[in-house]
There are 2 protein chains.
Amino acid sequence: MKRGSYVAIIKLIDIAKNLGLSLTTVSRALNDHKEVSSETKELVRKTAEEMGYVPNKFAQTLALKKSHLISLLYDDYQESISYQSFTFEIIAGVRNYFGSTPYDIIIVPGNLKSSRREPLKNICYSRGIEGLFVVGIRTNDLYLEELKEDFIPAVIVDYPLLTKKVSYIQSDNLKGCRLAVDYLASKGHKKIAFINGHNLAAVSPLRLKGYQIALRKNGLLCDESIIKTGNYTEKSGYDTAKQLFAERADFSAIFAASDLMAVGAIKAIRERGLKVPEDIAVVGFDDVFFAEYSHPSLTTIRQHKFDLGYMGAKELHKIIENPEGPRKKKKLDVELVIRESA
Amino acid sequence: MKRGSYVAIIKLIDIAKNLGLSLTTVSRALNDHKEVSSETKELVRKTAEEMGYVPNKFAQTLALKKSHLISLLYDDYQESISYQSFTFEIIAGVRNYFGSTPYDIIIVPGNLKSSRREPLKNICYSRGIEGLFVVGIRTNDLYLEELKEDFIPAVIVDYPLLTKKVSYIQSDNLKGCRLAVDYLASKGHKKIAFINGHNLAAVSPLRLKGYQIALRKNGLLCDESIIKTGNYTEKSGYDTAKQLFAERADFSAIFAASDLMAVGAIKAIRERGLKVPEDIAVVGFDDVFFAEYSHPSLTTIRQHKFDLGYMGAKELHKIIENPEGPRKKKKLDVELVIRESA
DNA sequence: ACAATAATCCAAAGCGCTTTGGATAAATGA
DNA sequence: TCATTTATCCAAAGCGCTTTGGATTATTGT
C-alpha cells in the first residue's frame with residue numbers, strides 16, 4: 001500500500017465523508033468559492049482544522065498547473081570567499097520576500113561550476129519551476145546561454161541580461177566608484193591606484209569605468225600603470241599591491257574592487273613598513289561584514305545585499321505574475337562607509 | 001486551458017502515440033522495467049530524448065508517494081554574523097551530498113526567528129518533505145519541541161537531540177577546547193581567561209566544560225573570575241575583554257568560544273596598549289574565513305563546516321532510506337590552526 | 001503436435017486535488 | 001399559480017504519472 005516515506009494523512013475525501021458532503025464542496029469551501037454557503041464553509045474549515053488536514057501541494061500543482069516554486073541558482077565555491085557573505089545576505093533577502101507569498105524556494109541541484117550537468121530547461125520543466133533567481137554567475141558560464149533562450153522568468157544579480165522574461169539587478173557600481181574616488185580626492189590624494197577584479201565578473205569593467213570617470217571628474221589623470229587586475233581574493237590583493245611596489249609605482253591611495261582585495265593590499269602595505277591610512281589610504285568595495293572588524297577597519301562602498309535579494313525577488317515575482325509587462329534593469333543605491341583605512 | 005505559468009511540454013502519452021505503443025510500456029521503458037524488451041527500451045529512450053521529454057515530478061510524486069524532497073531549516077539572521085559563513089559552508093556540504101542523489105532541497109519558508117509561523121508538521125506534510133536538515137537552532141526555539149515529536153527524519157547540527165528519527169552532528173567541542181588550552185599551556189600560559197557564548201547555543205556549555213577539563217589536565221586551576229559570557233558577537237568579545245581589564249583580572253591569554261569574539265577581544269587588548277600575542281595571546285574557535293585575514297591572523301580551532309553538512313546530509317539520507325536503523329550522534333574532528341595571535 | 005512457460009504488451013485504476021456541467025431545492029417574479 | 005432565477009450541492013473528468021491484473025504472442029518441453 002504505502003510505497004514511499006511520504007504519505008498524506010488526511011485527505012479532502014476524509015473530511016467529505018466525515019461531514020456527509022461531497023468532495024467538490026469541501027474543496028470549494030476551503031478555497032472560499034462563492035458557490036458554497038458561508039455556514040458550510042465555516043463548518044468545513046473547522047473540521048479540516050480539527051482533523052489536521054493539510055493540502056497536498058503535489059496534487060494541487062498537478063490540478064492547477066501552478067507549482068508556486070521558484071529556484072535559486074548559485075554557486076557554493078568561489079575563489080573570492082567574501083562571496084559567501086554576499087550570497088548569503090542576498091538569499092536572505094529573497095527568502096524574506098517570498099516568505100510572504102505562496103512561493104517556495106527550491107535550490108537548483110548541482111553547482112554553477114560542475115561541468116556535466118542537466119540542462120536548465122530540464123531541471124525547470126521537470127520540477128515545474130516558475131522562476132529563477134540567479135546570483136554569482138560568471139560571464140563565461142554556460143547557464144548564461146540557456147538563460148538567454150528566455151524560456152523562463154528570471155532575475156539575475158550582477159549580470160546585464162535583459163530579455164522578455166529576464167531582468168537584472170545590481171548595485172550602482174559607477175556611483176560607488178565615484179564615491180570612493182571623490183572621497184580619496186577630497187583627502188588630497190592625486191595618485192589613486194586601482195585593483196580591479198577579473199572580467200568573469202560582469203561588474204569588473206563597470207568598476208573600472210567608474211573609476212576612470214571619477215578620476216576625470218576630479219581632474220586627475222588616469223595612469224594605466226597603477227591599474228591592476230586581481231581575482232577578488234585576498235591573495236590577489238596582496239600580490240597586486242606588492243607588484244605595484246615592485247614597479248616603484250607612484251601612488252598614495254589604493255581603491256580595490258572588493259573588500260577582500262583591500263585587506264590583501266593592506267597586508268602588503270604593512271609588510272612594506274608603511275602605515276594605513278597615514279602613508280597609503282585604502283578603500284574597498286562591498287562592505288562585507290569583516291570590513292568592520294579588520295584592522296584598520298575598512299573604509300568601503302556598501303552594497304545593500306539584502307535589498308538586492310529582496311528587490312530582485314520582488315521583480316521576479318512581478319515577471320511571473322505578469323509575463324507580458326516590461327522588463328527593466330534595477331540599480332540599487334550604494335553608500336560610502338568611512339572607517340579607519342582612508 | 002492553460003491555467004498557470006507552468007506547463008509540461010511533452011508527456012508520456014505523446015511518446016506513446018508517436019510510437020504506437022501504450023502509455024504503460026513507455027513508462028516502463030523509461031524506468032528500465034524488466035517487462036519490456038531492450039529494443040523497445042532503446043527506441044523509447046531515444047525518441048523521448050529527441051522529443052525533449054522530461055518527467056513531471058509532481059505526477060511522479062503523486063503516483064509513487066515519494067517526493068525526493070528534503071528541507072533546509074536555517075535562520076537568516078543571527079547576532080553572530082560569522083554564523084553566515086558557518087551556515088553557508090554547511091549548506092554547501094548538504095548540497096554537495098544530495099547533489100549525487102535524486103533528492104532536491106527546498107528551503108523551509110520563514111525564519112527560525114519569526115514568531116507566528118506554520119507548524120513544522122503542516123509545512124512538511126503539505127510539501128511531502130521527507131527529511132529535515134536543521135542548522136543554527138537555538139535551545140529555546142519552538143521548532144525544537146516539534147522536532148522532539150519525532151514525526152519526520154531529521155539531522156540537527158549542534159543540538160543534542162537523539163530520537164527514533166532524529167540524529168545530530170557536531171564538531172568535537174571538548175577536543176577543540178583541549179587543543180586550545182593545551183597549546184596555550186605549552187606556551188607557558190598559566191592564567192587563561194575564557195570568553196564563552198550564551199547558552200542559547202547548545203555548544204556553549206560543552207565548550208566551557210572542555211575548557212575546565214583541559215585546565216585540570218594541565219594542572220592549572222580554574223578561576224571563575226576570568227570566565228566571561230558573551231553572545232558570539234564581536235562587540236561582546238570586545239566588551240567582556242574590557243570588563244576583564246576593568247576588574248584587574250590576572251591572565252596572560254584569552255580563549256574565546258568564537259572567532260568573532262576573539263577579534264573583539266583583540267581590539268580591546270589593543271586599545272589597552274597591549275600587544276597580541278606578546279602581552280596577551282588569543283585563541284578563537286571556528287576558523288571562519290576572516291580568521292586568516294584579520295590582524296594579527298587568528299590562531300583558532302578549525303571546525304570542518306563543509307563536512308558537517310556533507311556528513312549530516314549523508315546521515316539524513318540514511319535515516320530516510322532506513323527509518324528503522326539505529327540513530328547516532330556524530331562527532332567531527334577539529335584541529336588547531338596556529339597563526340599569529342597565539 | 002500440444003500444453004506449459006516466458007516474453008511483451010496494454011486498459012484501467014489510482015495518487016489527491018480542482019473544475020466542469022448538471023441536478024436539486026428554495027426563493028423570486030409575473 | 002407556474003415559470004424562472006438563485007443558492008447549494010455533487011458526479012465525473014482531468015492533471016501526468018505508476019502499477020495491477022489480464023491478454024496476447026512467442027518460446028519451450030515432452
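Note on naming: letters A, B, ... go to the chains in the order of the sequence lines (proteins, then strands), and numbering restarts at 1 for each one.
Summarising the geometry, atom CD1 belonging to A:I9 is positioned 11.0 Å from atom CG belonging to A:N56; distances are rounded to the nearest 0.5 Å.
Of all the residues in residues 34-48 of chain A, not one reaches under 4.0 Å from DNA chain C with any non-hydrogen atom.
Around atom NZ of B:K17, no more than 12 heavy atoms belonging to other residues, nucleotides or ligands sit under 6.0 Å away.
When all heavy atoms of B:E130 and B:H68 are compared, the pair lying nearest together is OE2-N, 2.5 Å. The two atoms that bring A:L69 and A:Y103 nearest to each other are N-CD2, 3.8 Å, heavy atoms only. B:S167 approaches B:I319 most closely through the heavy-atom pair OG-CD1, 3.5 Å.
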Shorter than 3.5 Å, N or O on both sides, protein versus nucleotides 23-28 of chain D: list them out with atom names.
none

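Residue B:S22 places none of its side-chain N or O atoms closer than 4.0 Å to OP1 or OP2 of C:dC9. Under 4.0 angstrom from either OP1 or OP2 of D:dT18 there lies at least one side-chain N or O belonging to B:N31. Between A:K65 and the phosphate of D:dC15, there is no side-chain N or O to OP1/OP2 separation shorter than 4.0 Å. Phosphate contact (OP1/OP2 of C:dG16, side-chain N/O of B:Y125, threshold under 4.0 Å): absent.
For the side-chain contact (heavy atoms from CB on, under 4.5 Å) test with A:H317, the passing option among A:I70, A:T101, A:V155 is A:T101; the others fail.
Put simply, NZ on B:K11 is 14 Å from P on D:dT18, counting in whole angstrom units. C:dC17 atom P lies 19 Å from atom CD of B:Q60, rounded to whole Å. Put simply, NZ on B:K57 is 17 Å from C1' on C:dC15, counting in whole angstrom units. Between A:H68 atom NE2 and C:dC17 atom P the separation is 15 Å, expressed in whole Å. The distance from atom CG of A:L12 to atom C1' of C:dT19 is 13 Å, rounded to the nearest whole Å. Rounded to whole Å, the distance from CZ on A:F58 to P on C:dT18 is 15 Å. As rounded to whole Å, 18 Å separates atom P of C:dC15 from atom CG of B:N56. One atom, CG of A:D32, and another, P of C:dT19, lie 13 Å apart when rounded to the nearest Å.
Note on B:L23: a base of the nucleic acid sits closer than 4.0 angstrom, heavy atoms only.
Donor-acceptor pairing under 3.5 Å, judged by distance alone, is absent between the side chain of A:T24 and the base of C:dT18.
The aromatic rings of B:Y125 and B:F151 sit perpendicular, their planes meeting at an angle over 60°, well past the 30° parallel limit.
In summary, A:K148 and A:E145 engage in a salt bridge, as defined by a charged side-chain N under 4.0 Å from a carboxylate O.
With contacts defined as side-chain heavy-atom distances shorter than 4.5 Å, the pair A:L316/A:P153 qualifies.
Checked against D:dC17, C:dC17, C:dT19, the side chain of B:A59 finds its nearest nucleotide in D:dC17. Residue B:T25 has its side chain nearest to C:dC10 when only C:dC10, D:dT18, C:dT19 are considered.
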Exercise for review: Could you please spell out the steps behind the side chain to side chain contact (heavy atoms under 4.5 Å, CB included) verdict for B:Y159 and B:D141?
Suggested key: CA-CA 11 Å; B:Y159 184 88; B:D141 196 293; over 6 Å; no
